[in-house]
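Working notes, structure below.
In this chain, numbering begins with 1 at the start of the sequence shown.
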Amino acid sequence: MKSLIKIIVIAVAFVAVSCKKDSAPNYQFMPNMYESAGYETYGEAAFKNGVEAQLPAEGSIPRGFVPFDIENSTEGYELAKATLNSPLDSTAVDLERGKALYNIYCGICHGTKGDGQGNLVKREKILGIPSYDDAGRAINAGSIYHTIYYGKNAMGSYANQLNEEERWQVVSYVLKLKSDLEK
């Protein structure tokens with residue numbers, strides 16, 4: 001038995017030493033993964049128009065993007081105000097997260113309390129930010145979301161900075177600020 005083990009050890013050592021070849025690289029099991037054909041981005045290619053860089057297919061939607069079907073107009077704003085409600089249930093609303101996002105993106109103009117007294121207003125860089133509790137300001141979840149998505153008047157859109165869930169967190173926090181101011 002001992003001699004059989006010695007023979008196996010010697011055979012394994014012989015195979016390991018004999019397969020090693022310093023003058024040539026080892027065998028590649030999938031050479032196409034190591035040596036792929038490179039294409040120049042704007043060079044000639046196998047596509048019809050002869051260019052590698054192609055536009056996305058018509059009607060394609062980027063991963064993670066949720067289309068917003070309400071248009072950017074006064075009628076769209078009124079439609080959002082009348083029909084749009086938050087998809088977040090009470091357990092999904094995180095006011096601390098909404099507060100953090102609000103302070104980052106909104107508080108500089110609207111103020112941390114929603115009273116329209118942010119740092120830019122105090123320094124007179126921008127004027128005319130109304131408080132959330134103004135009598136003529138009947139805002140609700142749909143109108144706030146539409147305004148965050150498209151912007152309104154001097155306020156620009158925040159659709160690129162906040163994803164859909166974050167926008168609804170900010171909407172929930174703005175509604176909380178509004179109710180706090182109305183007390």
For E182, look at atom CD and say whether over 12 heavy atoms of other residues, nucleotides or ligands are found less than 6.0 Å away. yes

Can any side-chain N or O of S131 pair as donor or acceptor with the backbone N or O of D134 at less than 3.5 Å? no

For the hydrophobic clusters of this structure (ILVMFWY residues joined by side-chain heavy atoms under 4.5 Å, transitively), does one cluster hold both I108 and I126? yes

When you look at NZ of K99, are more than 12 heavy atoms from neighbouring residues, nucleotides or ligands closer to it than 6.0 Å? no

Same cluster or not: are L162 and Y173 linked, directly or through other Ile, Leu, Val, Met, Phe, Trp or Tyr residues, by side-chain heavy atoms under 4.5 angstrom apart? yes

Look up atom OG in S172 and atom CG in L101, then write down how far apart they are to the nearest 0.5 Å. 11.0 Å

So, T147 side chain and S143 main chain: donor-acceptor pair closer than 3.5 Å or not? yes

Atom CG in L95, atom CG in L177: separation rounded to 0.5 Å? 9.0 Å

What's the separation between atom CG in N119 and atom OG1 in T112, rounded to the nearest 0.5 Å? 8.5 Å

Is a donor on one side and an acceptor on the other found under 3.5 Å between the side chain of N140 and the backbone of K81? yes

At what distance, to the nearest 0.5 angstrom, does CG of L120 lie from SG of C109? 4.5 Å

Determine whether M155 and Y132 fall in the same hydrophobic cluster, where Ile, Leu, Val, Met, Phe, Trp and Tyr are linked whenever their side-chain heavy atoms lie under 4.5 Å apart. yes

Can you check whether Y77's main-chain N or O pairs, donor with acceptor, with E71's side chain at less than 3.5 Å? no

Heavy atoms of other groups near D89 CG, more than 12 under 6.0 Å: yes

Are H146 and L84 packed together at the side-chain level, in the sense that at least one heavy-atom pair is separated by less than 4.5 angstrom? no

Polar side-chain atom of T83 near backbone of L79 as donor-acceptor pair, under 3.5 Å: yes

Just say parallel, tilted or perpendicular for the rings of Y105 and Y158, cut-offs at 30° and 60°. perpendicular

Atom NZ in K113, atom CG in D133: separation rounded to 0.5 Å? 12.5 Å

Can you find a pair of side-chain heavy atoms, one from L127 and one from V121, that are under 4.5 Å apart? no

Going by heavy atoms in the side chains, are E165 and R97 under 4.5 Å from each other? yes

Look at the rings of Y102 and H110 and say which category their plane angle falls in: under 30° parallel, 30 to 60° tilted, over 60° perpendicular. tilted

With a cut-off of 6.0 Å (strictly less than), are more than 12 heavy atoms of other residues, nucleotides or ligands near CG of L4? yes

Path from V171 to L181 over hydrophobic side-chain contacts below 4.5 Å: yes

Does R167 reach the main-chain N or O of I148 with its side chain, forming a donor-acceptor pair under 3.5 Å? no

Check: F68 ring centroid to Y145 ring centroid under 6.0 Å: yes

Got P67 and D69 here, is their nearest side-chain heavy-atom distance under 4.5 Å? yes

Taken to the nearest 0.5 Å, the spacing of L175 CG from S86 OG works out to 8.5 Å

